[in-house]
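Notes follow the structure.
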There are 4 protein chains.
Amino acid sequence: MDESADTMSADELVSPATGRPLTKRGEATRRKLLEAAEAVFADLGYHEASIVKITERAGVALGTFYLYFDSKQTIFEALVIDLNRRVRHSMSESMAQATDRIEAERLGFEGFFRFTAAHPALYRVVREAEFVSPATLRIHYERIVEGYRAGLRAAQREGDVDPALDPEVAAWALMGAGELIGMRYLLWERDADGRPPARIDDAVIDGMTRFIGNALRPHTAGTPTLMQERESDDD
Amino acid sequence: MDESADTMSADELVSPATGRPLTKRGEATRRKLLEAAEAVFADLGYHEASIVKITERAGVALGTFYLYFDSKQTIFEALVIDLNRRVRHSMSESMAQATDRIEAERLGFEGFFRFTAAHPALYRVVREAEFVSPATLRIHYERIVEGYRAGLRAAQREGDVDPALDPEVAAWALMGAGELIGMRYLLWERDADGRPPARIDDAVIDGMTRFIGNALRPHTAGTPTLMQERESDDD
Amino acid sequence: MDESADTMSADELVSPATGRPLTKRGEATRRKLLEAAEAVFADLGYHEASIVKITERAGVALGTFYLYFDSKQTIFEALVIDLNRRVRHSMSESMAQATDRIEAERLGFEGFFRFTAAHPALYRVVREAEFVSPATLRIHYERIVEGYRAGLRAAQREGDVDPALDPEVAAWALMGAGELIGMRYLLWERDADGRPPARIDDAVIDGMTRFIGNALRPHTAGTPTLMQERESDDD
Amino acid sequence: MDESADTMSADELVSPATGRPLTKRGEATRRKLLEAAEAVFADLGYHEASIVKITERAGVALGTFYLYFDSKQTIFEALVIDLNRRVRHSMSESMAQATDRIEAERLGFEGFFRFTAAHPALYRVVREAEFVSPATLRIHYERIVEGYRAGLRAAQREGDVDPALDPEVAAWALMGAGELIGMRYLLWERDADGRPPARIDDAVIDGMTRFIGNALRPHTAGTPTLMQERESDDD
DNA sequence: AATGAATGAGAATTCATTCAT
DNA sequence: GATGAATGAATTCTCATTCAT
């Protein structure tokens, strides 16, 4: 997996202290910190992690941290954005193999699962953003949904996906389904030796595929009319 | 909504300090603490919350806390378990109205959304358990999945749900879908006045209903065969 | 000198943390902290002083500090107000011995000098307030000026002090004169052994007395007309 | 006011790093640093000021600072000495206008007030020296007192000033009086718009003039005898 | 001469938990 | 049962100073 090729989007990095662009040496140190932060947050979660632990792991002095990041929260956010880029990269690489639209969606999941399996602890980092930096989590989800939605729309135009589906709603539903499946069968699962699995069990993948296929594929007849009887239910 | 009838499962409460069962007065204090904790955790999240804030809100002295709970984590766990009970109550109450199996699933979602809408900040508490007490979150999810799975199995036996679906996998997928939809359209959404909506927009509910209906309903022909060509993909 | 009788004005002390009134034990601890702070600020000045040093000197744990004071600045301010009370006490005790109005003013200085000589390092604390908490320094000066001004007014009514003097301006001038004399001849002066003097040299007291006497006493004739030629001089 | 003509006494400046005399370019950089330091110390006070802020304001790199000054304290001291020169310049320029001895003293005050009014924040810098570099503050005060004392002595010889006054003591008293009046009526005073006044109110100047005139002028008869009854008062 | 990255000691502050009353 | 004072480890962040380039 080469998604970690570059660790950070490089658009004009500047020192938060001086506001000046980084020198080459500075950029290298910044990268060391980001990599250390990734490891530490994955091991300990956001709240157990500390800046000392990050700088120790990066092999730099404590004060150096503040040359590159304003706070623990700042580096966390940078990391989430970076991880988002890498997950999407893994997903789109996977989807590129697809021969049809629905298969593409399925392969998107596989790319997602592959990333999660390769960095089991890391995906936890992303989810913790809900409690650390909600705005950043929104960005993460919205960027993924955006890809899904575009794919679903295109598939609807070509008749591969049920035209009655709302692509936005379906995209959020699919992402949620994928996350929980990933959490349940990758992060919680342990094999006989107590180790996390390298990939999701085939049976689960089959189940997931069927579920997605059902949900998305166009249906000829007898389609749902249930919602007609929805009445205004309140508490 | 009467799901808050009793705030805590009451099976033989004992003081963690003395190990003795609680007196009536003791039970009242314990309940006050739990209610205060609910409010404080909802307002501030787990890490910003503090024992002093909880005891202040409960109107008891700091030391009193440790008469009833071992630690901040303990009371948090008690709260999550309690919330789980209340969410499931809301769901099953809703499902009881259903006239058919698939509608029951849809109504389950509505019960879930209703609870979330009524206590927007509270459901955040449950999700935060992933980072505070993962074991407790598993319990929460598993209890919900259990209900789903049983429902799906029964529906499959009666031919209302696609027999090819794995009920366990489908249950996790559905729950994930529901959570993300809830988060997106209840917790993040704001109306014109910047207030969270009391309920999910009808169009979204329709979209969700279609999605679920598709995913679950039995399909006569041309069913997915895509997975046959799944090959061992690695990193 | 008994001006240190009570170390703190006692009007309803409350914990800054809980806002509740202090118990007897709490008040004792608070006093210990205040006394330690007095010593530490006097030894080291505001910026070299630290909360650890204060609590170590007080013999309490670091965290205890925050049960009684919000910050280093807060305890400093409390101390300045307290010292102000004690200086004024020393001054008014001294003035009570006077047999005439002008002598009273002179004795006021002596009371001030006596306090400064008894706590040489301490008066530095008060002056440092200019840079730490200007508002508190204003309070300090204004309280002293208030006393002066009242005394001068009364003396003017009885014909003991030049009726042409502005009592407010004269009060500030006198206070400034006293402070600098005190600084020069008490805080800077060292005797043969390098020790600060216990009192100001008589010759200086005489000089000061003459200066004050001149400045305040009514003058029969040839009084100043200098200001007539003051013209609007600007930069 | 041209007192800022040269910002630093120029007797053979050398680099503290190399010990070598400064080049022309070096002197320019040194001056930039000193001017920046003046602004930063005035804005923030000694402790809030930082070397980075000074170098940023000067538009040079952080490391450059140590080419010209040994430490933060060093540059502060250099600044105080410089300000002292400028205050005295302002005072003597003012005194040169006087037609008699006592008026000269009054005009000295006006020069002092004019400087303070023109650089309200700056005079604070000088006073802060008491806590940063007491030795430097002594130099500052002693240089001013020296001028006063000489003036008073000359005036006494010519019979313009009370011969019974101790010129040294009177000088310190006058300086203290001037400082507090300046602080009270220039630095604390705010006009209707909340802005510091450009000059001291005439009434205050009049009051001050009367005070000084009284204190210094020779008095024909009935002069103070109060001090004869001074007895050794101790604690 | 000038640069700016790196350093690390030191500061203030928080808070879960204990325990004597 | 209830109280609330005391504890102290741990955390984040600042900044004067050094030094390799």
Side-chain angles (χ1 to χ4, degrees), chain A residues 15 17-18 20 22-30 47-53 55 59-73, chain B residues 15 17-18 20 22-23 25-26 28-30 47-55 60-73, chain C residues 15 17-18 20 22-30 47-53 55 59-73, chain D residues 15 17-18 20 22-23 25-26 28-30 47-55 60-73:
Chain A
S15 156
T18 66
R20 270 197 278 252
L22 295 182
T23 63
K24 194 150 266 165
R25 186 183 177 196
E27 271 191 65
T29 307
R30 188 190 141 98
H47 286 95
E48 291 301 302
S50 76
I51 293 178
V52 208
K53 283 168 190 157
T55 51
V60 302
L62 173 53
T64 302
F65 179 90
Y66 292 92
L67 254 25
Y68 298 97
F69 300 96
D70 280 329
S71 64
K72 186 175 153 185
Q73 168 141 344
Chain B
S15 157
T18 65
R20 277 189 300 208
L22 297 182
T23 65
R25 185 182 172 196
T29 306
R30 188 189 142 96
H47 287 94
E48 290 300 300
S50 73
I51 310 280
V52 215
K53 282 170 191 151
I54 293 173
T55 52
V60 301
L62 174 52
T64 303
F65 179 89
Y66 290 90
L67 258 25
Y68 296 97
F69 298 95
D70 279 330
S71 66
K72 186 178 168 185
Q73 171 144 343
Chain C
S15 156
T18 66
R20 271 196 278 251
L22 295 182
T23 62
K24 193 150 265 165
R25 186 184 177 196
E27 269 190 67
T29 306
R30 189 190 139 97
H47 286 95
E48 291 300 301
S50 76
I51 294 177
V52 209
K53 283 169 189 155
T55 52
V60 303
L62 174 52
T64 302
F65 179 89
Y66 292 92
L67 254 26
Y68 299 97
F69 299 96
D70 280 330
S71 64
K72 186 175 154 185
Q73 168 140 346
Chain D
S15 157
T18 65
R20 276 189 299 208
L22 296 182
T23 64
R25 185 182 173 197
T29 306
R30 190 189 140 96
H47 286 95
E48 291 300 299
S50 73
I51 309 280
V52 215
K53 281 170 191 151
I54 293 172
T55 52
V60 302
L62 173 52
T64 303
F65 179 89
Y66 290 91
L67 257 26
Y68 297 97
F69 299 96
D70 278 330
S71 65
K72 187 178 167 184
Q73 171 144 341

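In what follows, chains carry the letters A, B, and so on, assigned in the order in which the sequence lines appear, proteins first and then strands, with residues in each chain numbered from 1.
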Nucleotide nearest I51(A) when distance is taken to its side chain, options dT17(F), dT7(F), dT12(F):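 Selected nucleotide: dT12(F).
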
Position toward the 5' end of DNA chain E (nearest nucleotide), T29(D) or F65(C):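 Residue closer to the 5' terminus by nearest nucleotide: T29(D).
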
Identify, between V60(A) and K53(B), the residue whose nearest nucleotide on DNA chain E lies closer to the 5' end.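 Looking at the nearest nucleotide for each, V60(A) comes out on the 5' side.
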
I51(A) side, atom CD1; F69(A) side, atom CZ - distance, nearest 0.5 Å: 10.5 Å

Spacing of CZ belonging to F65(D) relative to CD1 belonging to I54(D), to within rounding of 0.5 Å: 5.5 Å

Rounded to the nearest Å, what distance is computed from the [atom1] atom of residue [X] to the [atom2] atom of nucleotide [N]?
X: R30(C); N: dA6(F); atom1: CZ; atom2: P; answer: 13 Å
X: E48(C); N: dG10(E); atom1: CD; atom2: P; answer: 11 Å
X: L62(D); N: dA16(F); atom1: CG; atom2: C1'; answer: 9 Å
X: H47(A); N: dT14(E); atom1: NE2; atom2: C1'; answer: 13 Å
X: L67(A); N: dT18(F); atom1: CG; atom2: C1'; answer: 14 Å
X: Q73(D); N: dC15(F); atom1: CD; atom2: P; answer: 17 Å
X: F69(C); N: dA5(F); atom1: CZ; atom2: C1'; answer: 15 Å

Distance test, side-chain N/O of [X] to OP1/OP2 of [N], below 4.0 Å:
X: S50(B); N: dC15(E); result: no
X: R25(C); N: dA6(F); result: yes
X: Y66(C); N: dC15(E); result: no
X: S71(D); N: dA16(F); result: no
X: K72(A); N: dT11(F); result: no

Mate of dT21(F) where both pairing distances stay under 3.5 Å, Watson-Crick or G-U: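 Looking at the geometry, dT21(F) pairs with dA2(E).
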
Across all strands shown, which nucleotide pairs with dA12(E) by Watson-Crick or G-U wobble geometry, both distances under 3.5 Å? dT11(F)

Of G63(D) and A49(A), whose closest DNA chain F nucleotide lies nearer the 5' terminus?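 Its nearest nucleotide being more 5', the pick is A49(A).
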
For a quick test of reading the model, state the closest non-hydrogen atom pair linking V52(B) to T55(B) and the distance between them.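 Closest heavy-atom pair between V52(B) and T55(B): O-OG1, 3.0 Å.
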
What are the two closest non-hydrogen atoms of K53(D) and E48(D), and how far apart are they? NZ-O, 3.3 Å

Which part of the nucleic acid, if any, lies within reach of Y68(A) when heavy atoms closer than 4.0 Å are counted: base, sugar-phosphate only, or nothing?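 Sugar-phosphate contact only.
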
How about CD on Q73(A), more than 12 heavy atoms from neighbouring residues, nucleotides or ligands closer than 6.0 Å, or not? yes

